[in-house]
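Below is a structure I'd like to ask you about.
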Amino acid sequence: MWHLRGRSSVTAAAAAALHKPVAHLRLLLAVSAWSVPAAASNVAAASTTTRGGPSPSAGVAPRAMPSSSSSPPSAAEGTTAAAGGFRLTEPSFLESLMPKKEIGVDRFLAAHPEYDGRGALIAIFDSGVDPAAAGLQTTSDGKPKILDCSTGSGDVDTSKVVKADDDGSIVGASGTHLIINPSWKNPSQEWHVGCKLVYELFTDTLTSRLKKERKKKWDEHNQEAISEALKQLNEFEKKHSKSDDAKQKMAREDLQNRLEYLRKQAEGYDDRGPVIDIVAWHDGDVWRVAVDTQGLEGNKNCGKLADFEPLLNGVAPGAQLISCKIGDTRLGSMETGTGLVRALIAAVEHKCDLINMSYGEPTLLPDYGRFIDLASEVVDKHRIIFISSAGNNGPALNTVGAPGGTSSSIIGVGAYVSPAMAAGAHCVVQAPAEGMEYTWSSRGPTADGDLGVSISAPGGAVAPVPTWTLQSRMLMNGTSMSSPSACGGVALLVSAMKAEGIPLSPYTVRKAIENAAASISDVPEEKLTTGHGLLQVDRAFEYAQQAKELPLVSYRISINQVGKPTSKLRGIYLRGSNTCRQTSEWTVQLDPKFHEDASNMEQLVPFEECLQLHSTDSSVIKIPEYIMVTNNGRTFNIVVNPVNISSGLHYYEVYGIDCKAPWRGPIFRVPITVIKPIALSGEPPALTLSNLSFKSGHIERRFINVPIGASWVEVTMRTSAFDTPRRFFLDTVQICPLKRPIKWEAVVTFSSPSLKNFSFPVEGGLTLELSIAQFWSSGIASHEPTCVDFEIVFHGISVDQKIIGLDGSEAPVRVVARSLLASERLVPVATLNKVKTPYRPVESNLCSLPPSRDRLPSGKQIIALTLTYKFKLEDGAEIKPRVPLLNNRIYDNKFESQYYRISDSNKCVYSSGDVYPNYVKLSKGEYTLQLYIRHDNVQLLEKLKQLVLFIERKLEKKDFIQLSFYSEPDGPTVGNGTFKSSILVPGEPEAFYVGPPSREKLPKNVLPGSVLVGSITYGAVSSFSKKDDQNQHAPASYSISYLIPPSKVDNDKEKGVSSGRKSISERLDDEVRDTKIKFLSGFNQETEDDKSSWTALVASLKSEYPKYTPLLAKILECIVQKATSDDKFSHQKEIIAAADEVVDSIDKEDLAKSLSLKPDPEDEEAQKNKKKMEETRDQLADALYQKGLALAEIESLKTDESTEASAKDVFEENYKELIKWVDAKTTKYGSLTVLRERRCGRFGTALKVLNDMIQDDSEQPKKRLYDLKIQLIEEIGWVHVSAYEKQWMHVRFPPSLPPF
């Protein structure tokens, strides 16, 4: 998703919302439902003069780009210009909060008031829509504004079916009793129930606020309980101040434990939110759903609409919407492949005209991936216009992201700010004289040469927001706002075209808005920033009217360099010194693209266009003069000669004009971007930029040929000659094949003239763009430019292997280092700080998904592959799952989902994720990870059934392994020849060895075959202060790993079987006896015959081995584990009898004497005897423990008071015997202590013991312990704590795993 990196200080709080895309905020810019105000005749926008932005490269004259419209009109009505700058009146101020004049909406609606979006249906791909938000109830002509909403935060399992009782109530999935509305029609009387933790549906912002409010109320109740507990303790101590009675001491301890428990509850409070019940039923015609929200606390104003100011009306009030939630709140509103594909399916099913999407990210390959393929099908076959944000990663070039800026079928929108927006919405002290692109708006070109940004639109607005934000409107900015602004404008165009019978096609609409756009700058290179210009709705409609009779066709461009078997390109992009030293020739394949339902005979065969070719600079670009294009396409060649151009950025275009209708403007365009970098000299190579002058929004770009051998850069930036604080964006970008752009960025604020240092890694041999930009609103009211001195120095240490793998043996790895640029200090540092363990699935399951929402528009059915992995943690740790094949790619991935979740045996989900896995802290225990992958091709999914997954575990800092370096190959073994540092002379190699970690340093409980991973650095930053520890090591780091070898062979096991003093026949008898005892536990007792056989076997073994404690302990274990019959009383009696037999078989005096003796550690026989005695003690303790539990159960079943008193005495005697041998408060025996304290009314002490048992992470949580905890809390009377714990039960022990 897109994140804003920089934002104006005056809007920081409001813009913070953009860190999590919120569709119900953004879309209002485009789709408010209120009446349109009377339109003004003019629009506020930039003038035609070149703005203060990136200047063209030295020695390059500005070249006009082809466009069918001039720059945006200026001098908005209602504003005044004065010596002090831009001025607003109240009406123009309100208009600036919801910018429409900038894109010609006022002029268009003044001429065509009925074409306000009516008839247009827009699919909103975002994080959800709030139907209660202002403007989202009805359209301007009274129709429902929102037609449908789809979810994107996981389904609710409603497979459980219940029936209503005689009172008309049902029990929901959460356990809540629900009253069925008698008016609901349900012929089957079957009610499907499910539940959902409501926080999984809310945004982080809303959840955070609700948690704060709920905790405040909870704290009030808890403080009352603490006060009451303290009062009881004080009264008790006052009454029994000098008493030494044991019972009174235990009573005092109980009161203290109650007080301490409440205090700890307050410290550990973690609200997981209310649980809402969902009820679904079929009324005979359709499925209906009801949501019970009685657990939610609201206020009387919830959902109440604020008064709406007409001047703040959106762009297309007549348009209707469907909301497609692609942002999964389980993942912090991150989009998922499942959500994206389902959204496309919904858009086609509803026959939408437009899609707006304000999500995106950098991509490995442009115009590639499953979602891109499906989106292209939606555009080409189903004629849906797809509009998306270009990204917020500017100001550097090559920062447009997928899908908006990198996909041929999608219109990518950049973010524009006008003087009116700056003065009104952003409340700057002085508005800029001209409109400009926001500093952070992403720029083109793409890696394959496409322009990247199609058009620009206003990138900020004060839009209506949901009531949960506790405000009626919010200022937001980003390309996430420019995209819906453009979509709203295009919706007006669609409305008009439908009304006037103009054939509607994404191809003609795109051509109309691009060719009718208003130029924002006359500098050709600025097209990479603004696209073809600022959207102008009125001019686009005029263009569409003229093009009414033209074929519905789009030209697709595919380019190859002559003589090179390269992949198909969408533009020509020369980025490097070598490519600019010679002339190159390129073959352009021009293919007309018709919609899939086009008629062969009526549209394809007759198609023929004669095009005149033009280039924007004939001295650099050579082309043919004319081409004739038919349906089968045509090729032509372009010759690019950049030899004589100056260094820097140059942008050209080759375009075709229809000879018969030149008014159409460019029919196709071939973007040509040439970057000619400067070469550096010196030791080390450096570039110094002196006395650069910056004003608000100004950008300086330098392109540098990074010397081969460079691996990091040290930068010094010095500012001077300014008054108010200044904020700068520093960006660097390098392009590497089949890799996301290598980007470094920093946002720096200078409160006064000063100096700052930076360092970052680089790749030698690749062109580096250095972009220095003063933020568009920084220093905007000052008349003093900022003077900047900038120095960038290249350093590097080259090694013969960038990735080092230690194979698990004792042998070190030899590394050869060189410095090719200047003398460098070689100071290797290597750290292993993580361990990766590979796993294969223990189970794989392929299933066809329901066709209702998982069938593609093409008719293909999506299939899901669920892979199940099991892993075990011997200690608590932070872990992260990694799937190397799929991770870190969402749009440039051929599989549409990689959702995973981690759960325990209780079905409690601890973590879930998708494309970008996150670390999660897990306790000791066994876990299950399920990975969910979707595709319509079952053969592809079959190939992934054994997909390898890594569990990556962080080591604690104390367990980090620092590797050693040696100058001798035997150094790790003999300990000689330690290597610390050296001075590298340019060109001269130096070698050293990286030693493996010692066996003692290896982390415990790591499986053989796992890999320890970390990083290694070789150099040190030279120019920074020695006091700054974080800058001591060079930022260029490389991967290093160590394979965990096989475990040490335990030779002691061979010695374990000692002949002892027993004969062979005696040892054989022992083996036979132990086998018989072992057989007992596996004996099936399901039928009466089985039970009789088991009883007979037990009697036989008792007779054969009388008073043999291990046998009697095994019999007790089997009885305890036996399924409880209807006669619980008899079962408990049976347990008591078996326990008594175990106790009677043990000589307690002899046992106590043996345990009190300390055996000689060198006496093997004495050690064995001690171990045997300890086992006997454990068997005795277990028998007493089980007997105590059985006595307590019998006590709860009986009603005879005299018998009950007798049982209490026996219980107490049994408990006192138990505590002679073991600590009865430990996890193993604590349950009995809890029961005892509960019987005595000491609920506080019982809670303390129980809590200690629960917090013991030796095993995973047990539901019975938490149930008992809630019972104790309710018996004390702490209602607020009980409610809190019951909510947590839905998290810890859900009835089933949630659907994916």
Side-chain angles (χ1 to χ4, degrees), residues 11 14-15 17-18 22-40 42-45 72 76-79 88-110 116-117 122 124 133-136 139-140 145 305-319 321 356 358 413 415-428 431 435 438 456-466 469 471-492 534-535 537:
T11 63
L18 286 181
V22 185
H24 45 247
L25 304 181
R26 290 197 199 104
L27 63 90
L28 294 177
L29 181 60
V31 294
S32 172
W34 296 80
S35 59
V36 183
N42 296 317
V43 66
E77 182 179 326
T79 64
L88 291 171
T89 62
E90 182 182 355
S92 62
F93 165 71
L94 293 174
E95 289 172 351
S96 73
L97 303 183
M98 185 68 71
K100 297 185 286 291
K101 289 188 174 184
E102 286 80 354
I103 57 175
V105 171
D106 57 333
R107 299 190 303 270
F108 178 80
L109 290 178
D116 61 352
I122 307 172
I124 306 295
L136 290 185
T139 64
S140 56
K145 190 70 177 178
L305 297 181
D307 293 335
F308 204 81
E309 166 60 52
L311 288 175
L312 294 174
N313 188 20
V315 176
L321 312 175
N356 177 74
S358 294
V413 186
Y416 170 85
V417 57
S418 68
M421 292 168 62
H426 291 283
C427 298
V428 297
Y438 282 99
S456 292
V462 177
V465 294
T469 61
Q471 60 189 76
S472 58
R473 301 181 184 93
M474 180 185 292
L475 169 64
M476 295 182 296
N477 52 153
T479 54
S480 297
M481 294 299 287
S482 62
S483 177
S485 175
C487 188
V490 175
L492 302 181
L534 189 62
L535 172 67
V537 177

**Shortest non-hydrogen contact from Gly117 toward Ala316** =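 Smallest heavy-atom distance, with atoms named: CA-CB, 4.3 Å.
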**Request:** Return the minimal non-hydrogen interatomic distance between Gly459 and Met421, and the atom names on each side.
**Result:**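 Looks like N-CE, 3.8 Å.
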**Request:** Output the distance between atom CG (Leu535) and atom CG (Leu492), rounded to the nearest 0.5 Å.
**Result:**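 Nearest 0.5 Å value for the CG-CG distance: 9.0 Å.
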**Complete:** On a heavy-atom basis, the closest approach of Tyr416 and Tyr438 is O-CE1, 3.4 Å
**Request:** Quick one: closest heavy-atom pair of Met98 and Val462, and the distance?
**Result:**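 Heavy atoms only, the tightest pair is CE-O, 3.6 Å.
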**Request:** Flag the pair Ser358 / Pro484 as yes when at least one side-chain heavy-atom distance between them is below 4.5 Å, and no otherwise.
**Result:** yes
**Asked** Testing Cys487, Ser482, Ser456 for side chain to side chain contact (heavy atoms under 4.5 Å, CB included) with Val413, which one passes?
**Response** Ser482
**Message:** Apply side chain to side chain contact (heavy atoms under 4.5 Å, CB included) to residues Val315 and Lys100 and explain how you reach the verdict.
**Reply:** CA-CA 6 Å; Val315 176; Lys100 297 185 286 291; 4.0 Å; yes
**Item:** Glu95 side, atom CD; Thr89 side, atom OG1 - distance, nearest 0.5 Å
**Value:**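 Result: 7.5 Å between the selected atoms.
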**Request:** Nearest 0.5 Å please: distance from the CD1 atom of Ile103 over to the OG atom of Ser418.
**Result:**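 OG of Ser418 is found 11.0 Å from CD1 of Ile103.
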**Request:** For Ser96, enumerate each residue passing the side-chain hydrogen bond (donor to acceptor under 3.5 Å, both in side chains) test, keeping only those at least two apart in sequence or located in another chain.
**Result:**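 Ser96 satisfies side-chain hydrogen bond (donor to acceptor under 3.5 Å, both in side chains) with no other residue.
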**Message:** Using a 3.5 Å distance criterion without hydrogens, assess whether the side chain of Lys145 forms a donor-acceptor pair with backbone atoms of Pro317.
**Reply:** yes
**Request:** Could you tell me whether the side chain of Leu109 reaches within less than 4.5 Å of the side chain of Val537, counting heavy atoms only?
**Result:**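 Heavy-atom side-chain distance check fails, nothing below 4.5 Å.
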**Nearest heavy-atom neighbours spanning Ala319 and Ile122** =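 Nearest pair, atom of Ala319 first, then Ile122: CB-CD1, 3.9 Å.
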**Asked** What pair of heavy atoms forms the shortest contact from Ala422 to Val417, and how long is it?
**Response** N-CG2, 4.1 Å
**Message:** Is there a side chain to side chain contact (heavy atoms under 4.5 Å, CB included) between Thr139 and Asp116? Walk through the geometry before answering.
**Reply:** CA-CA 10 Å; Thr139 64; Asp116 61 352; over 6 Å; no
